[in-house]
Amino acid sequence: MASNNDKRSKTEKVIMVTGASGLVGRAIQAVVAEETSRPEEKFIFLSSKDADLVSEEETRLLFEKHRPTHVIHLAARVGGLFANMKYNLDFFTDNLKINTNILNNAFKFDVEKVVSCLSTCIFPDKTTFPVDETMIHNGPPHPSNFGYAYAKRMLDVMNRCYKDQHNCKFTSVVPTNVYGPWDNFNLEEGHVIPGLVHKVFTAKRDATPFYIWGTGSPLRQFIFSRDLAKLFLWAIREYEEVDPIIFSVGEEDEITIKEAADLIVEAFDFKGPVILDTSKSDGQLKKTAENTKLRKYLPDFKFTPIKEGIKETVDWFVENYDIARK
Ligand code: NAP
Ligand code: GDP
């Protein structure tokens, strides 16, 4: 009996995107919608409503239903510093199960290419900076997120094992801190930019002070979700290595948490008091990553300036306050 794969023309690509309802997935949906259509590509955008990827059986049924030729694998249990500190075990076990299920089924269903997502917060805590793609496994990650970090590192290990044993083309990309519309603006669970956007919004509305957690001095490289989406699409179409590639703005674009907060204050035109709550954790002080490998492939790629990206994020949050995750 002919399978869906047999019936398909050789050039047709069915690109299944897991985690497509999240920050990065929504940006990929938007970029695909804006692109000139490519008739040979069919995208399938999935959320946890389509399947709980922690479940082996639900994941298998998903592959059986859609028969993807390509997978952009974004789905993960994701959270900011404070969520990671609280739920290290859950971040480890859920992500390990999700990633194992995705790659195992991608292998069984003959998927041509999988691009999965790592993060620069999985690099060793004690290291030299900037970090590059060769340094992921060179020492323990920061204790605040060791569950998430080890689960993500195992994706790279699995990619290499699938290549060695079965010649699969499963690879990964390594973004720095992402921000943009459709982020998780929940204060306890989310990352720093959505957290600060939500807090300035509330402070302005209620005429209360705006609290930045920690000293404000840690350094981060922030990538706008639309830029990351474009890079993901490039990776699924063009990137042929199994080894990971860092997706980051340049080292010169690294800023402090306080500088990011100042840009958010400016975007809101907030005039009230700004207070650093130094009783809260700073987490990793820096995780500076280099983008030399990316620049070899895409020397002319233009990143959205952070001021512009933050303004767009703030405007989106204000306009979509009722539906935003918070
Ligand atoms: P997000 O906004 O929290 O979205 C997470 C996505 O995963 C959602 O679509 C969610 O579906 C889905 N998901 C979660 N658990 C699932 C499960 N058990 N089964 C099926 N789907 C599940 O996260 P994001 O920021 O877009 O992150 C996307 C990827 O980028 C992740 O792999 C993350 O590790 C990586 N990353 C993120 C950052 C960052 O700063 N945000 C930085 C580096 C790397 P529902 O909407 O239905 O819940
Ligand atoms: P990380 O980059 O993986 O550490 O995760 P986050 O995106 O959560 O950023 C954490 C950094 O931002 C730490 O230095 C925090 O002290 C600082 N920070 C300041 N205010 C906030 C906030 O409201 N939410 C979060 N998540 N972090 C904050």
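The structure presented is a predicted model; accordingly, all values stated were derived computationally and were not measured. For reference, positions follow the sequence shown, starting with 1. For ligands, and for the atoms within them, numbers begin at 1 and follow the listed sequence.
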Parallel, tilted or perpendicular, as decided by the 30° and 60° cut-offs, for the rings of F43 and F45:
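Rings of F45 and F43: parallel, under 30°.
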Should [X] be counted as touching ligand 1, given the test is an N or O pair under 3.5 Å?
{"X": "L74", "result": "yes"}
{"X": "L23", "result": "yes"}
{"X": "L53", "result": "yes"}
{"X": "H73", "result": "no"}
{"X": "R77", "result": "no"}
{"X": "D52", "result": "yes"}
{"X": "G25", "result": "no"}
{"X": "W182", "result": "no"}
{"X": "P175", "result": "no"}
{"X": "N177", "result": "no"}

Determine yes or no for a side-chain-to-main-chain donor-acceptor pair under 3.5 angstrom, with K42 supplying the side chain and I15 the backbone.
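Between the backbone of I15 and the side chain of K42 there is no qualifying donor-acceptor contact (under 3.5 Å).
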Does [X] come within less than 4.0 Å of ligand 2, judged by its heavy atoms?
{"X": "K199", "answer": "yes"}
{"X": "G190", "answer": "yes"}
{"X": "H198", "answer": "no"}
{"X": "R220", "answer": "yes"}

With a 4.0 Å heavy-atom cut-off (strictly under), which part of [X] contacts ligand 2: side chain, backbone, both or neither?
{"X": "V192", "result": "both"}
{"X": "K287", "result": "side chain"}
{"X": "A261", "result": "neither"}

Could you check W182, Y179, F185 and say which one makes a ring-ring contact (aromatic ring centres under 6.0 Å, His included) with F317?
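Testing F317 for a ring-ring contact (aromatic ring centres under 6.0 Å, His included) against W182, Y179, F185 leaves exactly one candidate, F185.
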In ligand 1, which numbered atoms sit nearer than 4.0 Å to a non-hydrogen atom of [X]?
{"X": "T176", "result": "42 (C), 43 (C)"}
{"X": "I98", "result": "18 (N)"}
{"X": "L118", "result": "43 (C), 44 (C)"}
{"X": "G22", "result": "1 (P), 2 (O), 4 (O), 8 (C), 9 (O), 26 (O)"}
{"X": "R325", "result": "1 (P), 2 (O), 3 (O)"}
{"X": "S21", "result": "8 (C), 9 (O), 11 (O), 45 (P), 46 (O), 47 (O)"}
{"X": "A51", "result": "19 (N), 20 (C)"}
{"X": "V54", "result": "18 (N)"}

Sub-3.5 Å N/O-N/O distance, [X] and ligand 2:
{"X": "G195", "result": "no"}
{"X": "L81", "result": "yes"}
{"X": "F82", "result": "no"}

Minimal non-hydrogen separation, F232 against C117, with atom names
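Closest pair (atom of F232, atom of C117, distance): CZ-SG, 3.8 Å.
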Shortest non-hydrogen contact between R220 and D282, atoms and distance
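Smallest interatomic distance, heavy atoms only, reads NH2-O, 4.0 Å.
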Examine the proximity of ligand 1 to V78 and report which part, side chain or backbone, both or neither, has a heavy atom under 4.0 Å away.
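Under 4.0 Å from ligand 1, V78 contributes side-chain atoms alone.
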Could you walk me through whether V178 and H191 satisfy the side chain to side chain contact (heavy atoms under 4.5 Å, CB included) test, starting with their C-alpha distance in whole Å, then the side-chain angles of each, then the deciding distance to 0.1 Å, before giving a yes or no?
CA-CA 9 Å; V178 192; H191 288 96; over 6 Å; no
Using the rule given for side chain to side chain contact (heavy atoms under 4.5 Å, CB included), can you reason through F170 versus K113, listing the C-alpha separation, both sets of side-chain angles and the distance that settles it, and then say yes or no?
CA-CA 6 Å; F170 298 166; K113 196 200 269 192; over 6 Å; no
